[in-house]
Amino acid sequence: MTFTIPIENGDAVKIAEAESQRTLYPYVTGTSIVAIKYKDGVLMASDMGGSYGSTLRYKNIERMKAIGKHSLLGASGEISDFQEILRYLDELTLNDNMWDDGNSLGPKEIHNYLTRVMYNRRNKFNPLWNTLVLGGVKNGKSYLGMVSMIGVSFEDDHVATGFGNHLARPILRDEWHADLSFEDGVKLLEKCMRVLLYRDRSAINKLQIAKITEEGVTVSQPYSLKTFWEFSSFHNPTASAEGSW
Amino acid sequence: MTKQHANWSPYDNNGGTCVAIAGSDYCVIAADTRMSTGYSILSRDYSKIHKLADKAVLSSSGFQADVKALQKVLKSRHLIYQHQHNKQMSCPAMAQLLSNTLYFKRFFPYYAFNVLGGLDEEGKGCVFTYDAVGSYERVGYGAQGSGSTLIMPFLDNQLKSPSPLLLPKQDSNTPLSEAEAVDLVKTVFASATERDIYTGDKLEIMILKADGIKTELMDLRKD
């Protein structure tokens with residue numbers, strides 16, 4: 001970050017540059033992540049958009065990544081901070097591997113680590129501007145949790161970030177049940193993603209669905225949802241209110 | 001160059017209510033299981049009660065990330081204590097530790113509203129109530145959190161204990177039986193749930209006695 005500062009007060013230059021090292025606002029952001037537990041593990045959905053304020057700058061961002069053998073991390077918020085978190089996790093999983101003791105970090109451990117990282121950054125007033133979703137399966141047990149940028153964390157059978165919390169969670173509360181089949185799980189996620197597509201202006205119609213089971217992680221190829229815009233009231237929206245838009 | 005202000009707050013209120021009542025040989029600690037942020041519910045099944053020692057159970061509402069960090073600090077300090085003293089911490093000792101831990105962050109507080117319940121060295125129930133920066137006192141009953149203003153006056157009415165200023169010092173524990181105290185707790189939470197949007201979903205009740213801890217779950221309104 002650069003500042004133009006009047007030169008009369010030379011100290012102000014040094015102080016301002018020192019001040020500017022903290023995150024103040026996000027720049028390139030990803031929108032919601034929606035995730036559910038199902039019969040064999042966890043399903044997670046996200047779109048591939050990266051917005052620069054109101055501009056849709058990037059349309060090919062993968063916001064879900066496999067971590068180690070047992071976990072899947074999805075992030076909304078600042079993309080560069082997500083990439084930084086992936087670097088932290090790379091180091092964590094590398095060190096875990098180097099022990100070479102047959103043990104590997106499970107989703108619960110990764111979730112705890114991420115919670116500590118986010119909380120500690122918040123304590124230093126320099127947050128990582130993300131809301132993270134951590135899903136995974138280890139030893140047959142599924143795990144799904146969420147961490148916010150100030151360190152609030154919890155686990156549940158279904159989670160969603162950002163707009164997903166407002167639009168997708170109510171659908172999940174109504175229609176989620178234990179032991180969903182893969183097809184039903186995907187249908188449920190697509191239902192949520194379609195609502196988000198209609199109502200979240202930063203959502204784009206290019207999404208991926210990731211699945212994590214005991215066998216590992218698979219991230220689908222990007223695809224788009226069918227949408228319907230031919231509602232009669234969309235055709236002449238001002239019919240009942242002349243002069244409005 | 002004016003000082004730049006953060007456009008985010010390091011604090012959030014995740015809501016919820018905690019209550020504890022001390023009896024002659026038991027202590028009841030209860031809290032709802034709703035975790036919220038703003039006008040959204042994050043989880044309907046989040047426990048706010050944590051056992052710190054055999055005879056000391058902490059219930060905290062407020063900012064969940066700070067509550068979690070506070071519990072970690074207390075848990076690890078308790079472990080060190082056990083290594084050094086070869087015994088568990090008593091409830092009054094844990095009460096002092098909690099106060100000191102909170103005051104340690106006097107200038108960037110843990111946004112946690114705590115009620116500590118347990119059994120004292122004589123086996124009688126004890127409840128300690130705190131503010132966010134560690135000022136505490138031993139009481140016969142306590143309520144903290146978003147529903148505390150609704151619950152406390154009712155508890156005052158039902159459990160009014162003698163003034164702590166009287167001499168000789170009178171027992172502030174309730175003469176109610178364990179079953180009556182649990183019933184009272186269920187009543188106050190059902191009432192608080194009606195009017196406090198941050199309280200609801202489920203009620204978790206822990207009953208601490210000399211022979212162990214019992215947990216009970218009760219449904220509350222989900223709206």
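In the text below, chain A, chain B and the rest are named by the order of the sequence lines, each starting its count at 1.
In this structure, chain A has a heavy atom under 4.5 Å from the side chain of B:Asn14, while its backbone stays farther away. For a residue to count as touching a neighbouring chain, one of its non-hydrogen atoms must lie under 4.5 Å from one of that chain's; by this rule B:Tyr39 does not touch chain A. Residue A:Asn120: no heavy atom, backbone or side chain, is found under 4.5 Å from chain B. Within the 4.5 angstrom heavy-atom criterion, only side-chain atoms of A:Met149, from C-beta onward, approach chain B. Contact of B:Ser43 with chain A is made through backbone and side chain together, with heavy-atom distances under 4.5 Å.
In summary, the aromatic rings of B:Trp8 and A:Phe125 are positioned with their centroids under 6.0 Å apart. Note: B:Tyr130 and B:Tyr110 fail the aromatic proximity criterion, with ring centroids not under 6.0 Å apart.
Considering only heavy atoms from C-beta on, A:Met118 comes within 4.5 Å of A:Asn130 through its side chain. Within the 4.5 Å cutoff, the side chain of B:Asn100 has no heavy atoms near those of the B:Phe104 side chain.
Each of A:Asn123, A:Thr115, A:Asp157, A:Val147 has some count of heavy-atom pairs under 4.5 Å with chain B, and the biggest count is that of A:Asn123.
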Given A:Asp156 and A:Arg173, is the salt bridge (charged side-chain N to carboxylate O under 4.0 Å, His left out) satisfied, shown in steps?
-> CA-CA 11 Å; A:Asp156 211 335; A:Arg173 287 216 173 93; 5.4 Å; no

